[in-house]
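Residues: numbered from 1 along the sequence shown.
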Amino acid sequence: MLERIEASSAEPVARRVFREVRNAIVTMAFQPGQALSEQEIATRLGVSRQPVREAFIKLSEAGLVTIRPQRGTFIVKISMKQVFDARFVREAVELAVVRRACAEMPAGGIAGLRANLDAQRDAAGSLDPVRFMDLDEAFHRGIAMGVGCDYAWRVVEETKAQMDRVRYLSVPHATPVDRLIAQHQAVVDWIAARDADRAEAAMRLHLREILTSLPELAERFPDFFERDAAVPLPGPQMS
């Protein structure tokens with residue numbers, strides 16, 4: 001769940017603590033509504049309480065925890081509105097990236113994406129959802145990095161924490177992995193064919209998959225979701 005932090009790294013301790021705790025929240029190892037103990041996390045990571053305190057502040061700014069004076073630090077529930085907002089931003093960025101990939105992705109980059117797909121199939125066959133999600137992340141990052149869209153990917157990373165929590169819930173609870181792999185395959189095939197319109201359509205379909213799984217997940221895990229008053233649960237028509 002949390003990996004002990006080695007003192008030999010030059011990276012600031014607070015940044016590594018932030019990354020470890022954020023990953024535990026996103027992968028649902030720490031669950032919505034759960035209280036976080038500053039001392040417990042410091043002990044498990046092998047660090048002092050100060051970098052944990054700093055990490056909690058950054059996690060609060062990222063909208064993943066809430067710090068309540070005299071009460072403690074708690075993981076926030078998944079906000080439906082924030083999921084919708086993050087998906088909107090991610091779609092806008094990644095559709096632009098995939099169009100650029102159709103024009104600029106080199107053959108080596110396409111080969112790398114196909115190798116990633118093979119690894120996804122292996123992960124699906126071995127029923128390893130965490131490895132699959134890591135490969136899914138690498139797939140999308142690979143498209144952006146493969147055409148020099150590093151900043152675009154950083155924007156996506158900064159906005160998708162709420163989406164990622166839903167994604168980890170949806171696999172395998174709501175979204176068949178084979179469906180996601182088929183959608184990835186379509187994106188790569190259209191990039192290889194240099195067909196920007198079809199690649200964009202394939203990526204749009206893939207990124208809207210989360211809207212299909214949301215109602216089932218919210219019903220199955222009601223304690224994990226914040227029912228935003230202004231945001232109705234999405235229905236199948238939104239997929």
Side-chain angles (χ1 to χ4, degrees), residues 1-2 20-37 41 59-60 62-66 68 72-91 94 120-140 156-157 159-187 202-239:
M1 187 184 300
L2 292 177
E20 284 291 326
V21 179
R22 180 188 185 282
N23 184 65
I25 294 172
V26 165
T27 60
M28 305 299 285
F30 291 161
Q31 297 184 348
Q34 180 178 339
L36 295 180
S37 165
I41 289 177
L59 288 164
S60 176
L64 290 175
V65 306
T66 181
R68 301 174 184 169
T73 299
F74 300 85
I75 299 172
V76 300
K77 294 189 176 184
I78 299 170
S79 163
M80 305 291 283
K81 182 179 186 306
Q82 289 183 25
V83 172
F84 293 157
D85 289 348
R87 189 212 59 80
F88 180 83
V89 171
R90 182 173 187 178
E91 181 176 303
E94 290 208 53
Q120 288 181 36
R121 294 187 184 96
D122 288 342
S126 60
L127 303 178
D128 188 344
V130 173
R131 179 166 173 255
F132 174 80
M133 295 303 294
D134 288 344
L135 289 164
D136 177 280
E137 180 91 354
F139 176 84
H140 288 270
V156 170
E157 282 190 312
T159 60
K160 68 186 184 69
Q162 294 280 26
M163 280 186 72
D164 284 345
R165 292 205 286 173
V166 175
R167 288 168 60 236
Y168 271 92
L169 271 181
S170 71
V171 177
H173 295 297
T175 305
V177 171
D178 289 347
R179 182 190 302 167
L180 299 177
I181 294 173
Q183 291 170 354
H184 288 160
Q185 182 73 63
V187 170
M203 181 64 83
R204 180 183 292 109
L205 175 67
H206 174 59
L207 294 177
R208 292 187 180 186
E209 184 69 38
I210 193 171
L211 298 181
T212 304
S213 63
L214 267 173
E216 180 180 343
L217 292 171
E219 182 175 352
R220 184 177 295 189
F221 303 101
D223 293 340
F224 289 177
F225 286 84
E226 189 70 49
R227 299 304 183 93
D228 308 88
V231 180
L233 285 175
Q237 74 275 10
M238 296 184 67
S239 63

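Expressed to the nearest 0.5 Å, how far CE of Met80 lies from CG of Leu211 amounts to 9.0 Å. Distance check, rounded to the nearest 0.5 Å: CZ of Arg90 to CG of Asp85 gives 15.0 Å. Within the model, atoms CZ of Phe74 and CG of Leu64 stand 16.0 Å from one another, a figure rounded to the nearest 0.5 Å. Rounding to the nearest 0.5 Å gives a distance of 11.0 Å between CG of Leu180 and CZ of Phe139. Taken from CD in Gln120 to CD1 in Ile181, the straight-line distance is 5.5 Å, to the nearest 0.5 Å.
The minimum heavy-atom distance linking Tyr168 with Val26 is given by the pair CD1-O, 3.5 Å. For the pair Val76 and Gln162, the tightest heavy-atom approach, listed with the atom from each and the gap, is CG2-NE2, 4.3 Å. Between Glu91 and Leu207 the shortest heavy-atom distance is CA-CD1, 3.7 Å.
Arg121 places a side-chain heavy atom less than 4.5 Å from the side chain of Gln185. Residues Glu219 and Leu214 form no side-chain contact, since every pair of their non-hydrogen atoms from C-beta on lies 4.5 Å or further apart.
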Exercise for review: Tell me, with the steps shown, if Leu36 and Ile41 meet side-chain contact (heavy atoms from CB on, under 4.5 Å).
Suggested key: CA-CA 8 Å; Leu36 295 180; Ile41 289 177; 4.2 Å; yes
**Message:** Could you go through Arg22 and Leu59, starting from their C-alpha distance and side-chain angles, then the distance that decides it, and tell me whether this counts as side-chain contact (heavy atoms from CB on, under 4.5 Å)?
**Reply:** CA-CA 7 Å; Arg22 180 188 185 282; Leu59 288 164; 3.9 Å; yes
Item to complete: Show your working on side-chain contact (heavy atoms from CB on, under 4.5 Å) between Phe30 and Asn23 and close with a plain yes or no.
Response: CA-CA 9 Å; Phe30 291 161; Asn23 184 65; over 6 Å; no
- Query: Are Arg87 and Ile210 close enough, and set up right, to give a side-chain contact (heavy atoms from CB on, under 4.5 Å), and what steps lead you there?
  - Reply: CA-CA 8 Å; Arg87 189 212 59 80; Ile210 193 171; 3.9 Å; yes
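Ion pairing of Arg131 with Asp134 is absent here, as no side-chain N (NZ or NE/NH1/NH2) approaches a carboxylate O to less than 4.0 Å. A salt bridge links Lys160 and Glu137; the closest N-O separation between the charged side-chain nitrogens and carboxylate oxygens is under 4.0 Å.
Under a 3.5 Å cut-off, the side chain of Thr175 and the backbone N or O of Val171 do not form any donor-acceptor pair.
For Phe132, there are no ring pair (Phe, Tyr, Trp, His ring centres under 6.0 Å) partners, not counting sequence neighbours. Take Pro32 and apply the side-chain contact (heavy atoms from CB on, under 4.5 Å) test, not counting sequence neighbours, and it matches Met28, Lys77, Ile78, Arg165, Phe224.
Contacts classified as salt bridge (Lys or Arg N to Asp or Glu O under 4.0 Å) and involving residues 170-181 (residues at least two apart or in different chains) are given here: Arg179-Glu209.
Using cut-offs of 30° and 60° on the angle between ring planes, the pair His184 and His140 is perpendicular.
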